[in-house]
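Scroll down for the structure; my scribbles are underneath it.
Worth knowing before you read on, the calculation uses all heavy atoms, side chains too, and leaves out hydrogens, waters and symmetry mates. Please read all numbers here as calculations on a predicted model, not as lab measurements.
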Amino acid sequence: MAIAAVCALSAGMTACSDEPDAKSIFVDENELNPAAPTYQLDYFLENNFREPYNVAFYYKMKDVLTNRNYNLTPAEYQKSVDLAVLCKYLWFDVYQSVVEDKEFLAKYGPRIIHLIGSSAINAANGTELLGTAEGGIMITLYKVNYLNPTDFTTLNEWYFETMHHEFAHVLHQTKTYPKEFDSVSVGYYDALNWQDRSNKTANMLGFVTPYASSEAREDFAETIARYITMTDKEWNTVLANAAASTETAFDAQANILTKLDIARNWFRDSWGMDLDALRAEVQKRQNELTEQKMAELRAQVYDIPVPAAK
């Protein structure tokens with residue numbers, strides 16, 4: 001009866017219909033708009049992240065997802081294209097080629113990747129935030145506007161070491177890593193002053209990086225991420241520094257290798273994944289990352305045909 005009354009009152013202004021208007025004032029954020037200047041990247045993200053992995057890839061900075069304690073700027077479009085194709089090539093495709101369970105990333109991968117153009121600097125202690133993992137759901141990457149697509153040392157330092165690090169957190173938040181890991185370097189973690197340690201000092205204390213020496217859970221993620229992304233030369237430098245340790249209470253190199261073995265076994269036993277095979281695939285792809293390769297990767301976006309306007 002109430003519906004009929006509304007229709008009757010509306011009759012003088014417009015016809016009353018039982019059918020809703022096909023045009024909605026609410027726009028579906030996932031709806032592709034061929035008229036948008038960002039259509040090609042939006043289409044690429046839809047078909048390479050959301051559809052296969054249920055991952056929302058946000059390159060347009062979302063204030064509700066950002067940390068208000070930092071002054072941040074959005075990612076540039078062209079840099080976002082580069083990082084999107086690199087995330088597929090150096091991260092998602094790597095796992096797909098190594099892990100037997102092809103639903104692995106759809107099940108356990110992050111649900112959101114959020115790009116930030118600028119750095120996130122903590123003025124209190126002078127540290128720089130390169131990435132975060134929020135409750136196993138969202139990975140945020142910073143400094144996108146400074147991306148150099150063929151400098152894989154910087155790519156790793158700013159993005160992919162961060163992604164492997166944060167994904168290690170996502171995985172151990174799902175299946176806890178062995179607590180024996182925490183005891184290997186107990187007594188040498190420094191949550192307040194780790195940033196004052198040099199790389200060599202950290203290595204000589206049995207850690208792969210200064211940040212690894214901040215606490216055990218960061219040590220676990222750093223050991224995995226650095227082993228995956230470091231070249232043989234870089235990894236051997238870590239081990240050589242550790243071997244030169246004058247600390248007589250323990251063998252620093254042996255401690256690093258012990259922690260790596262714990263992580264390696266955890267990957268195998270908990271996830272059915274070969275950590276060494278994962279590293280080998282990452283190293284192979286890094287070595288193939290030339291200007292020509294980047295042009296091929298970008299073409300995955302820029303060669304997407306844009307539908308003609310209706």
Side-chain angles (χ1 to χ4, degrees), residues 53 86-110 130-131 133 136 139 152-153 155-157 159-185 202-203 206-209 211-213 215-243 251-289:
Y53 305 120
L86 285 170
C87 280
K88 179 178 184 297
Y89 174 69
L90 286 175
W91 207 78
F92 283 84
D93 287 354
V94 167
Y95 278 92
Q96 283 298 96
S97 69
V98 172
V99 181
E100 290 185 7
D101 180 4
K102 298 310 175 186
E103 297 299 315
F104 175 77
L105 287 175
K107 292 182 206 173
Y108 303 111
L130 293 179
I139 290 178
F152 68 75
T153 299
L155 287 177
N156 282 334
E157 186 67 27
Y159 315 112
F160 294 102
E161 190 279 332
T162 298
M163 288 190 73
H164 286 291
H165 177 109
E166 300 303 344
F167 191 49
H169 282 315
V170 170
L171 292 179
H172 80 65
Q173 288 164 5
T174 304
K175 297 182 181 181
T176 305
Y177 66 83
K179 288 307 170 187
E180 63 183 287
F181 184 99
D182 295 3
S183 64
V184 176
S185 293
N203 299 161
F207 302 103
V208 292
T209 61
Y211 188 48
S213 71
E215 58 177 308
R217 64 189 296 275
E218 300 302 342
D219 191 9
F220 183 75
E222 275 288 275
T223 299
I224 292 170
R226 294 291 174 169
Y227 179 65
I228 290 172
T229 59
M230 279 182 168
T231 63
D232 289 343
K233 181 179 179 180
E234 290 169 333
W235 182 252
N236 289 334
T237 296
V238 168
L239 296 181
N241 287 341
D251 183 333
Q253 185 185 87
N255 280 3
I256 290 175
L257 294 175
T258 294
K259 288 185 284 191
L260 177 60
D261 277 339
I262 293 172
R264 181 184 284 120
N265 294 336
W266 177 77
F267 261 78
R268 181 197 64 214
D269 298 338
S270 295
W271 301 106
M273 194 188 315
D274 187 333
L275 182 60
D276 295 304
L278 189 65
R279 180 180 191 272
E281 185 65 22
V282 167
Q283 296 299 315
K284 172 180 172 290
R285 288 170 181 258
Q286 285 180 173
N287 290 330
E288 294 173 348
L289 194 57

So, [X] side chain and [Y] main chain: donor-acceptor pair closer than 3.5 Å or not?
X: E222; Y: E161; result: no
X: K233; Y: M230; result: no
X: Q253; Y: L239; result: yes

Using the benzene-type ring in the case of Trp, are the ring centres of W91 and Y159 under 6.0 Å apart?
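Aromatic pair excluded; centres sit 6.0 Å or further apart.
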
Contact between [X] and [Y] at the side-chain level, heavy atoms closer than 4.5 Å - yes or no?
X: Y108; Y: V170; answer: no
X: F152; Y: T231; answer: yes
X: F167; Y: I224; answer: no
X: V208; Y: W235; answer: yes
X: V98; Y: F104; answer: no
X: K259; Y: Y227; answer: no
X: V282; Y: R279; answer: no
X: Y177; Y: I262; answer: no

Straight-line distance of [X] [atom1] to [Y] [atom2], nearest 0.5 Å:
X: L105; Y: Y53; atom1: CG; atom2: OH; answer: 6.0 Å
X: K88; Y: L86; atom1: NZ; atom2: CG; answer: 11.5 Å
X: D269; Y: K175; atom1: CG; atom2: NZ; answer: 10.5 Å
X: N265; Y: E180; atom1: CG; atom2: CD; answer: 8.5 Å
X: L257; Y: R264; atom1: CG; atom2: CZ; answer: 8.5 Å
X: I228; Y: T223; atom1: CD1; atom2: OG1; answer: 11.0 Å

Which pair of heavy atoms, one from [X] and one from [Y], lies closest together, and at what distance?
X: V94; Y: Y89; answer: CG2-O, 3.8 Å
X: I256; Y: G206; answer: CG1-O, 3.3 Å
X: L90; Y: Q286; answer: CD2-N, 4.1 Å
X: N203; Y: A252; answer: O-CB, 3.7 Å
X: W266; Y: A168; answer: CH2-O, 4.5 Å

Among all residues two or more places apart in sequence or in another chain, which pass the side chain to side chain contact (heavy atoms under 4.5 Å, CB included) test with S213?
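Counting only residues at least two positions away or on another chain, S213 forms a side chain to side chain contact (heavy atoms under 4.5 Å, CB included) with W194, R197, F207.
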
With a cut-off of under 6.0 Å to the ring centre and 45° to the axis, is K179 in cation-pi contact with F181?
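No, a cation-pi geometry is absent between K179 and F181.
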
Let me know which of E157, E234, E218 forms a salt bridge (charged side-chain N to carboxylate O under 4.0 Å, His left out) with R226.
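With R226 as partner, E157, E234, E218 yield a single salt bridge (charged side-chain N to carboxylate O under 4.0 Å, His left out), made by E157.
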
If the condition is ring pair (Phe, Tyr, Trp, His ring centres under 6.0 Å), which residues does F267 pass it with, not counting sequence neighbours?
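F267 satisfies ring pair (Phe, Tyr, Trp, His ring centres under 6.0 Å) with no other residue.
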
So does R268 pair up with D276, basic N to acidic O under 4.0 Å?
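The answer is no: the pair does not qualify as a salt bridge.
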
